[in-house]
Amino acid sequence: LNIEAHNIYLKIPNISDYSLLVLCNDWGMTERKIIQDFLQQGKNSICIQESSIDFNSIDNRMRYCSFPVFQGVASLQNFDLNQKICAVIGNPRFETLKVEPFPNVIKAFINVNFTYGVFEEFRYQWVEDIVSSCFDLNIDYVLSQHPRDNGDLSNYNLLKSNASLVHETIKSCSVVISRFSALLIEAVCLGRPAIYYNPHGEDMHYKFETDNKMFFCANNKEELKAAMAIIISLTSVGDNSDSEFVNKHLGMTSSGSASHYINLFLKDASRFPLLKKPSIWTKIKIYAIICKRILKKQGY
């Protein structure tokens, strides 16, 4: 896109030229070190929630910045807000997505995203549960495989996914089924009921607010088939309007204003007094972890 960009290796030159640090990841070692650099020069940092993320207590995601910006009130349920100033605004990633009419044919979009060694041992049973349920309910399907999912799914109706294809494919389907993924929220924004299928019991420390109309959770094959049956009935009456789910998960995005309000928030935050104090001990700890990972030839 001809946008000037630079790789960052542990520091940003000329910090005095900037009034604010804006991140979508404040928990990486490089990011945590740069936050401390900005604090030492009296400048705050913002972390904008860019997706459905795991708010586990180990990573402390969005807790290192001065101001976290959440995409919806549902994000707050696994977050300790004690002595924290934050904003709930929305997410520009979703604001261009509009409700589309149901297609004429009932079809399931199955998002296969078992990546980075996390729950990959459950991939094939997970896929088979859904495909066999589609067969039992006489529903056509398409498998969309994440680019970093390494499973062999060649025996199924497979679509190798990428960002330019996924939304158009969702529009051609009636329901989206996935494990933990921002694609579930994208589906609802496009007017497609979504099912979070979690028979393997993953705990992502992120509370999805089910309404059993546009968003469902299923923990076994029986619950999955029951949710799919309800969705089939919804498509028959053409009901795929916006829901309370979107309002809880996307804040101002539901009115298409997230970018505007985030812009206003950044302007205010750039003039706000310093919220956190820099800590030399925190910086030493971060450097020690980075050096250890470099010696082990690990990423940081």
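None of the values given here were measured: they were computed from a predicted structure.
To the nearest 0.5 Å, atoms CE (M204) and CD1 (I53) are separated by 10.0 Å. To the nearest 0.5 Å, atom CD1 of residue I294 and atom CD1 of residue I289 are 12.0 Å apart. Here the CD1-CG distance, from I286 to L10, works out to 10.5 Å after rounding to the nearest 0.5 Å. The structure places CG of N155 at 10.0 Å from OH of Y124, a figure rounded to the nearest 0.5 Å. With values rounded to the nearest 0.5 angstrom, N91 atom CG is found 5.0 Å from F94 atom CZ. If you take CD1 on I130 and CD on Q125, they are separated by 10.5 Å, rounding to the nearest 0.5 Å.
Side-chain contact between I48 and L23 is absent, with no heavy-atom pair separated by less than 4.5 Å. A 4.5 Å side-chain heavy-atom check between I46 and L21 finds every atom pair outside the cut-off. Using a 4.5 Å cut-off on side-chain heavy atoms (C-beta onward), K277 and L39 make no contact. In this structure, L275 and F67 have side chains that are in contact, with non-hydrogen atoms separated by less than 4.5 Å. For the pair F55/N60, no side-chain contact is recorded, criterion being any heavy-atom separation below 4.5 Å from C-beta on. Annotation: side chain of Q49 is not in contact with side chain of P68 (no heavy-atom distance under 4.5 Å). Using a 4.5 Å cut-off on side-chain heavy atoms (C-beta onward), I110 and V142 make no contact. Residues Q77 and E209 meet the side-chain proximity criterion, which asks for heavy atoms closer than 4.5 Å.
Using a distance-only test at 3.5 Å, with no hydrogens or angles considered, no donor-acceptor pair links the side chain of S66 to the main chain of N44. Side-chain atoms of Q145 come within 3.5 Å of backbone N or O of G151 as a donor-acceptor pair. When atom types are taken as modelled, the side chain of S144 and the backbone of N111 share no donor-acceptor pair closer than 3.5 angstrom. Checked by atom type and distance alone, the side chain of D26 pairs as donor or acceptor with a backbone atom of M62 at under 3.5 Å. Without hydrogens or angle criteria, K276 side chain to C65 main chain gives a donor-acceptor distance under 3.5 Å. Judged purely by atom type and a 3.5 angstrom limit, D140 has no side-chain atom pairing as donor or acceptor with the backbone of I106.
In this structure K225 satisfies the salt bridge (charged side-chain N to carboxylate O under 4.0 Å, His left out) test together with D136, sequence neighbours excluded.
No continuous path of hydrophobic side-chain contacts links I35 to Y287 [ILVMFWY only; heavy atoms under 4.5 Å]. There is a path of hydrophobic side-chain contacts, each under 4.5 Å, that joins L81 to V88. In the hydrophobic cluster analysis, where Ile, Leu, Val, Met, Phe, Trp and Tyr join through side-chain heavy atoms closer than 4.5 angstrom, V131 is grouped apart from V105. Linking ILVMFWY residues whenever their side-chain heavy atoms come closer than 4.5 Å, directly or via other members, places I12 and L274 in the same cluster.
Side-chain contact, E50 with Q71: no donor N or O sits under 3.5 Å from an acceptor N or O. No hydrogens or angles considered: nothing links the side chains of K292 and Q298 as a donor-acceptor pair under 3.5 Å. Judged by distance alone, the side chains of N56 and D54 do bring a donor and an acceptor atom under 3.5 Å apart. There is no side-chain donor-acceptor pair under 3.5 Å between T115 and N113. Under the 3.5 Å distance criterion, with hydrogens and angles disregarded, no donor-acceptor pair is assigned to the side chains of S279 and Q36. With no hydrogens or angles considered, a side-chain donor-acceptor pair links E95 and S259 at under 3.5 Å.
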Under 3.5 Å, which donor-acceptor pairs do the side chains of residues 181-200 form with other protein atoms, sequence neighbours left out?
from : atom 1 : to   : atom 2 : distance (Å)
S181 : OG     : L183 : N      : 3.0
E186 : OE1    : H167 : NE2    : 2.6
E186 : OE2    : R93  : NE     : 3.3
E186 : OE2    : R93  : NH2    : 2.9
R192 : NE     : I170 : O      : 3.4
R192 : NE     : C173 : O      : 2.6
R192 : NH1    : E100 : O      : 2.8
R192 : NH1    : L190 : O      : 3.4
R192 : NH2    : P101 : O      : 2.7
R192 : NH2    : K171 : O      : 2.8
Y196 : OH     : E202 : OE2    : 2.7
Y197 : OH     : D129 : OD2    : 2.7
Y197 : OH     : K221 : N      : 3.4
N198 : OD1    : G201 : N      : 3.2
N198 : OD1    : E202 : N      : 2.9
N198 : ND2    : E202 : O      : 3.1
H200 : NE2    : E202 : OE1    : 3.4

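Around CD1 of I58, the count of heavy atoms belonging to other residues, nucleotides or ligands within 6.0 Å does not exceed 12. Shown here is Y18, whose OH atom has no more than 12 heavy atoms of other residues, nucleotides or ligands within 6.0 Å. Heavy atoms from other residues, nucleotides or ligands lying under 6.0 Å from CG of N138 number 12 at most. Within 6.0 Å of CG on N263 lie more than 12 heavy atoms contributed by other residues, nucleotides or ligands.
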Could you walk me through whether Y156 and E128 satisfy the side-chain contact (heavy atoms from CB on, under 4.5 Å) test, starting with their C-alpha distance in whole Å, then the side-chain angles of each, then the deciding distance to 0.1 Å, before giving a yes or no? CA-CA 10 Å; Y156 298 96; E128 186 57 32; 2.8 Å; yes
Residues T210, F216; criterion side-chain contact (heavy atoms from CB on, under 4.5 Å); working and verdict: CA-CA 5 Å; T210 59; F216 302 75; 5.8 Å; no
Under the ring pair (Phe, Tyr, Trp, His ring centres under 6.0 Å) rule, what do F215 and F208 come out as? Steps first, then yes or no, please. CA-CA 9 Å; F215 194 90; F208 284 119; 5.1 Å; yes
Where do H205 and D203 land on the side-chain contact (heavy atoms from CB on, under 4.5 Å) test, with the steps shown first? CA-CA 6 Å; H205 301 276; D203 184 0; 3.8 Å; yes
Decide side-chain contact (heavy atoms from CB on, under 4.5 Å) for C134 and M228; before the verdict, give the C-alpha distance in whole Å, the side-chain angles of both, and the deciding distance to 0.1 Å. CA-CA 8 Å; C134 289; M228 293 172 70; 3.6 Å; yes
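With ring centers used as reference points, F135 lies 6.0 Å or more from Y141. For an aromatic pair to be called close, the ring centres must be under 6.0 Å apart, and W27 with Y64 fails this.
Aromatic ring orientation, Y206 versus F180: perpendicular (interplanar angle above 60°, classes split at 30° and 60°).
Using a cutoff of 4.0 Å between basic side-chain nitrogens and carboxylate oxygens, K43 and D37 are not scored as salt-bridged. The pair D59-R61 counts as a salt bridge, with a side-chain nitrogen and a carboxylate oxygen less than 4.0 angstrom apart.
I262 and G90 make their closest contact through CD1-O, 4.2 Å (heavy atoms, listed as atom of the first residue, atom of the second, distance). Between Q40 and P278, the shortest heavy-atom distance links the atoms CG-CB, 3.5 Å. Minimum heavy-atom separation, F102 to S174: CE2-O, 3.6 Å. Shortest non-hydrogen contact noted between H249 and A74 is CE1-CB, 3.6 Å. Heavy atoms only, all atoms of each residue included: W126 and S178 are closest at CZ2-C, 3.5 Å. I139 and A108 get closest at one heavy-atom pair: CG2-N, 3.9 Å.
Because its NZ or CZ atom is both nearer than 6.0 Å to the ring centre of F79 and within 45° of the ring axis, R63 counts as a cation-pi partner of that residue.
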